[in-house]
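Order of the sequence lines fixes the chain letters, A, B, ..., with proteins taken first and strands second; residue numbering starts at 1 for each chain.
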Protein chains: 2
Amino acid sequence: MKSLHRPDLYGWSYFNPARNIDFNGVAWIRPGGNILIDPVALSNHDWNHLESLGGVAWIVLTNSDHTRSAQEIANQTYAKIAAPVGEKDNFPIHCDRWLVDGEEVVPGLKVIELQGSKTPGELALLLEETTLITGDLVRAHKAGTLTILPNEKLLNREQAVASVHKLAQLAQVETVLVGDGWSVFRDGRDRLKELVATL
Amino acid sequence: MKSLHRPDLYGWSYFNPARNIDFNGVAWIRPGGNILIDPVALSNHDWNHLESLGGVAWIVLTNSDHTRSAQEIANQTYAKIAAPVGEKDNFPIHCDRWLVDGEEVVPGLKVIELQGSKTPGELALLLEETTLITGDLVRAHKAGTLTILPNEKLLNREQAVASVHKLAQLAQVETVLVGDGWSVFRDGRDRLKELVATL
C-alpha cells in the first residue's frame, strides 16, 4: 500500500480498464483496530503490508456498488462490515452494522449521508475534520479537478447537488480521497467549492 | 492509461513493492508524434490505448536509472530514444539523441538539466511552462508534499539543492508530474517553494 498524506493512512488502487481510472481503497491504521474503506483487491504484497500494520477490524462501504473485495477480505479476517442504513433492505452482502448520518464509525470518523446519488443514502466519511473520503458521487476523472457522477447515474440530481454543497461547507477539509479516480491532497475545500460552482 | 490534468496528457503506473510507491510514466499526445517520458511497462490494455492515440515517436529518459521499459517499447515501435547528454558516455541503452539544457525536445517541451542528483545531468522537462516533469531528484513519497532524494543518493547535495531552487523559480508551474510517487496537479509552484524551504 502507498502512504497517503498522513502517516496513519494508506491507499491502494486497481486500474479499471473500462473507464481508464483507478478504483481506490483506503486503510486507516489506528490502535483500536484498522479500518478499510471501499477496499479493492489486495495484492499479496499489500495483504502482508496490511497484516504487518495490524490487519483489519472494520470494513466501511460507502455504497452497494463499492462492495469490491469486502466480502473476500471479511471472509479471511475477523473484520466486520458496516454500510449505509439507506441500503439496509437490499444490500448485496452481509453487514454487521448500518451507519446513520452524523454518527461516528469509531471516534474521529464521522458518517455523512448523501442523497440523490446512484444508491440511496450513499456515505461520505470525514476523518478528523480534515480528510473527506467519498465513494461514488464525488470523483475525479481529470487529475486535480473534482466532478460528480453524470446525471443519468443520479437518482435525483437536485438532492445530489445539495449533498455536494453540504460537503463543500465542511470548514477544514484539506484532502478529498475519492473512491474512483484522482484524489486531491491539498486545498480540498477549494476544490469542492470549485466543483459546486460548476453544478 | 489514465487522463492527467490536460486532455493531451496520460499517465500510467507500476507499483514498486520495495518502496511502496508508484513509478509513473507519462504520455504526451501531439499531432507531430507522441512522446513518452520514463515509460514503465505498459499493460496490453494501455498498449492498445496508446496505439489508438497514435503510438509513440519519441521516448525521453530523464536519467539512466529510469530506462524502465524504454528499450522494449522502442524495439516494438519506430520510437527513438532521447536521454541526458551528461550520461552520453555511459548510458546503458542505445540512444538516438542527447538532450542539452535549454533546448526543446520538440516545440513546447523544454529540457532542464539538474546537477548533483543520482546521475550526472539528470533531466527535468517543462511542458508549455505549466507542467514540470521530474525524474528522480524531485519526488513524493507522502501524497501532496514534494521531497528530494536522500543525501546518500546524491552526487552533490549543494548542486542538487541549487537545481531544485532553479525549478522553484519557474514562474508558471501548476503541475509537477513525478517519476516516483505522488504527482501534484495544482499549485505546483507553491509545493516546489515549500520543498525549497525544507532543504
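- Of the atoms belonging to A:D46, it is side-chain heavy atoms, and not backbone ones, that fall under 4.5 Å from chain B.
- The two residues B:L149 and B:K153 make their nearest non-hydrogen contact at CB-CB, 4.2 Å.
- Of the charged side-chain nitrogens involved, none lies within less than 4.0 Å of a carboxylate oxygen, so that A:D136 and A:R68 do not count as a salt-bridged pair.
- For the pair A:I81 and A:A74, the tightest heavy-atom approach, listed with the atom from each and the gap, is CD1-CB, 3.9 Å.
- Ranked by non-hydrogen atom pairs under 4.5 Å with chain A, the options B:H141, B:R6, B:H49, B:H5 are led by B:H5.
- Between chain A and the options B:A140, B:G144, B:S13, heavy-atom pairs under 4.5 Å are most frequent for B:G144.
- One distance of note links OG1 of B:T62 with CG of B:L137; it measures 10.0 Å at 0.5 Å rounding.
- B:W182 is not listed as a side-chain neighbour of B:T145, based on a closest heavy-atom distance of 4.5 Å or more.
- For a residue to count as touching a neighbouring chain, one of its non-hydrogen atoms must lie under 4.5 Å from one of that chain's; by this rule B:N16 does not touch chain A.
- For chain A, the nearby part of B:F15 is the side chain; its heavy atoms alone come within less than 4.5 Å.
- Ranked by heavy-atom pairs under 4.5 Å with chain A, the list B:G181, B:S183, B:P17 is led by B:P17.
- One finds a salt bridge joining B:R186 and B:E174 here, because a Lys/Arg side-chain nitrogen approaches an Asp/Glu carboxylate oxygen to under 4.0 Å.
- Contacts with chain A were tallied for B:R19, B:H45, B:K142; B:H45 has the most, counting heavy-atom pairs under 4.5 Å.
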